[in-house]
Amino acid sequence: MNIWDVVVIGGGATGLGIALDSSSRGYKTILLEQSDFSKGTSSRSTKLVHGGIRYLAQGNIKLVYEALKERGYLLNNAAHLVKKQKFIIPIFEWHLGVWYWIGLKLYEWLSGSLSFGESKFLSRNDIIKEFPELKSSKLKGGVLYYDGQFDDSRLSINLAQTCVQYGCFVLNYFKVKSLIKKSGKISGVIACDIETKKKYSIFSKTVINATGVFSESILKMDNDNSQPIRPSQGTHIVLDKSFFRSKNAIVIPKTSDGRVLFCIPWYDHILIGTTDTYVKKSIIDPVPFDSEIEFLIKTFRKYFIPKPKKSDILSAFSGLRPLFTNNKNLLDTKDIPRSHKLIINTSGLISIIGGKWTTYRKMAEDTIDRAIIIGRLEKKPSITKNIKICGSNVLFDTDNSYWNKYGEDKFYIKGLINDNPLLKRSLFSKDNIFHYSEAEVIWMVRYEMARTVEDVLARRFRLLFLNARKSIEISTNVAKLMAKELSRNNNWVESQVDSFKKLAMKYYYPKKLDNE
Ligand SMILES: Cc1cc2nc3c(=O)[nH]c(=O)nc-3n(C[C@H](O)[C@H](O)[C@H](O)COP(=O)(O)OP(=O)(O)OC[C@H]3O[C@@H](n4cnc5c(N)ncnc54)[C@H](O)[C@@H]3O)c2cc1C
């Protein structure tokens, strides 16, 4: 009988990080994801690799310190997907300016040798020059600081590839249905291949539940009805860059709900978010609430001269934070700490809850350290601080060109075009913003485990998140290319396009809905 050392349930940031930590230490590891990698929360973040200035304001120095270190490791290990980004906090009251400046100096100091750059004070004129769209009547000046920005779901795809390099099995579209137990102890899982509907028994010395907001469903399989998760929805909207032309990001430090609001340039668009709304039920495709959209638009309009309307939204997407809390009555989720927590059941089931994308590596290290004890595995140290993530061995230009997100893989994609020059064709008949080529779709199917049109358009190209209408335009083209690669028929093409359209319609507002 084949017995694994570690089974990881869940292929988001947490599960993929654990699978990499485990396999790179030499443990026999398999990861099972019920859908696509990062289909859940891990493709829906604010795209920040950060210590978290808000957590600093809350006095959570330990989390900020840890996250700033991890930010530095991520930049070193995934330079093709993580970049340094300038952020500016505008100041409208002098005493707050002094406060932010001290806080950001502390932020910079905490990052030590892994600092991203020096924060500094900017004059009113500097800010107006940088952000002509900002309302300036009460503006006094601003503070500039540095943080990281990344492409979350592309990082998860590259993490999956890195796991494979270390001998790990990573399977998407494989859902864990139940746990196998022997004398009260977990000895594996029963999982179903979603495409073939075939079930498999997978035996293992340890089982790790890394299913984010779905963790309670795995705990239930272990007869544990506890409810440690408080899901909190965060929504973003994406606008055309004409609403905000700067290459720098801006942070509105205190919104009417007591949070910060980020306006960040992202792939030539502007990403605005986020919200923090407690939700009762965790679902895989959460949809923005009208109140969230209205809040984001209203807050943007309060600080900026342009007046976006609901119909200007190119894409709006929501994600659920898997927050851990013992306090069932705490509904104001913005106050729940973002640190992670390990839960160990008497059966030996290990659940990892909470945390952030930025700290996924440290979370993984902590989890495997515990798995070694529980599974009585031979003790070996974590080596992930120095593992280069697939794609990052870029010994060439590090400019911000279109191909950079693929890192060194761009050479292989261009190789596909050399072999078949027709693959250079653009997926759009005419469009000068999105340069997606047919070759990339082929690459994604062959080497990035894309199985559906949504996998390609949402989490590999990111088009669903940038411009939902445009993503519908090329869905048929993508489906046909995929069908050829995967030997699928016309029915498959039709049903893929149909279900993708239904999904994408939830990401934008085709009709004029509000009082525009
Ligand atoms: C709005 C928002 C903004 C954020 N912004 C940032 C940010 O800027 N920077 C940052 O560092 N962090 C950010 N975060 C936090 C970060 O995104 C999350 O902490 C992280 O993505 C959680 O990853 P996860 O793997 O735990 O969960 P998920 O990504 O949800 O992964 C869990 C996976 O488990 C799978 N699964 C569930 N049940 C099963 C089963 N039975 N069998 C197999 N698989 C199963 C699901 O399909 C899912 O893919 C943000 C979060 C939100 C919601």
Side-chain angles (χ1 to χ4, degrees), residues 7-19 30-52 54-55 63 66-67 70-71 74 82 85 147-153 155-156 159 171-179 189-192 194 202 207-221 229 231-236 249 259-260 262 264 266 271 273-277 279 282-286 288 292 317-324 333 338-340 351-361 363-364 367 459:
V7 169
V8 184
I9 317 173
T14 310
L16 288 162
I18 293 168
I30 183 167
L31 176 142
L32 308 166
E33 163 56 49
Q34 66 175 355
S35 175
D36 184 24
F37 306 116
S38 74
K39 159 80 179 176
T41 307
S42 298
S43 55
R44 302 155 188 271
S45 78
T46 311
K47 330 292 175 209
L48 299 178
V49 181
H50 64 157
R54 199 166 69 84
Y55 317 131
L63 173 65
E66 189 170 83
E70 293 302 322
R71 181 187 75 166
L74 249 176
V82 180
Q85 171 70 51
D147 239 328
Q149 192 195 24
F150 76 134
D151 183 331
D152 47 13
S153 61
L155 181 57
S156 63
L159 273 171
L171 300 175
N172 53 2
Y173 295 98
F174 242 86
K175 182 175 173 129
V176 169
K177 293 283 196 182
S178 58
L179 303 175
V189 300
I190 295 183
C192 175
I194 299 292
I202 299 167
V207 174
I208 298 174
N209 171 14
T211 53
V213 287
F214 304 100
S215 299
E216 287 166 7
S217 63
I218 306 292
L219 286 170
K220 270 202 190 95
M221 293 177 192
I229 300 265
S232 147
Q233 176 156 311
T235 290
H236 296 88
R259 291 182 44 83
V260 295
F262 291 98
I264 310 173
W266 186 54
L271 175 70
T274 174
T275 55
D276 208 321
T277 318
V279 289
S282 296
I283 50 171
I284 195 83
D285 263 318
E292 291 179 302
F317 60 91
S318 299
L320 301 181
R321 298 177 187 86
L323 303 181
F324 170 84
T333 43
R338 268 48 176 169
S339 34
H340 63 274
S351 300
I352 167 96
I353 290 170
K356 299 185 56 60
W357 235 121
T358 309
T359 52
Y360 84 95
R361 193 211 62 81
M363 291 164 66
T367 311
R459 288 169 292 278

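Order of appearance sets the numbers: ligands from 1, and atoms from 1 within every ligand. Being a predicted model, the structure only gives us computed values, none of them experimental.
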Kindly tell me which protein residues have any non-hydrogen atom under 4.0 angstrom away from an atom of ligand 1, grouped by chain and ordered by number?
->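 Residues within 4.0 Å of ligand 1: I9, G10, G11, G12, A13, T14, L32, E33, Q34, G40, T41, S42, R44, S45, T46, K47, L48, H50, F174, K175, V176, A210, T211, G212, F214, I218, G234, H236, T274, I284, G319, L320, R321, G355, K356, W357, T358.
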Report yes if the side chains of V279 and P286 come closer than 4.5 Å at any heavy-atom pair, otherwise no.
->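 A side-chain contact under 4.5 Å is absent here.
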Do side-chain atoms of S232 reach the backbone of R321 as a donor and acceptor pair under 3.5 angstrom?
->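 No, S232 side chain to R321 backbone: no donor-acceptor pair under 3.5 Å.
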So, does W357 use its side chain to make a donor-acceptor pair with the main chain of S42 at under 3.5 Å?
->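 At least one qualifying donor-acceptor pair exists.
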Over all atoms of both residues, closest heavy-atom pair of V82 and L74 =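 Result for this residue pair: CG2-O, 4.0 Å.
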Note: R44-D152 ion pair, threshold 4.0 Å (strictly below) |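 The answer is no: the pair does not qualify as a salt bridge.
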List for me each residue that meets ring pair (Phe, Tyr, Trp, His ring centres under 6.0 Å) alongside H236, sequence neighbours excluded, and say none if there are none.
->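 For H236 the ring pair (Phe, Tyr, Trp, His ring centres under 6.0 Å) partners, ignoring immediate neighbours, are F317.
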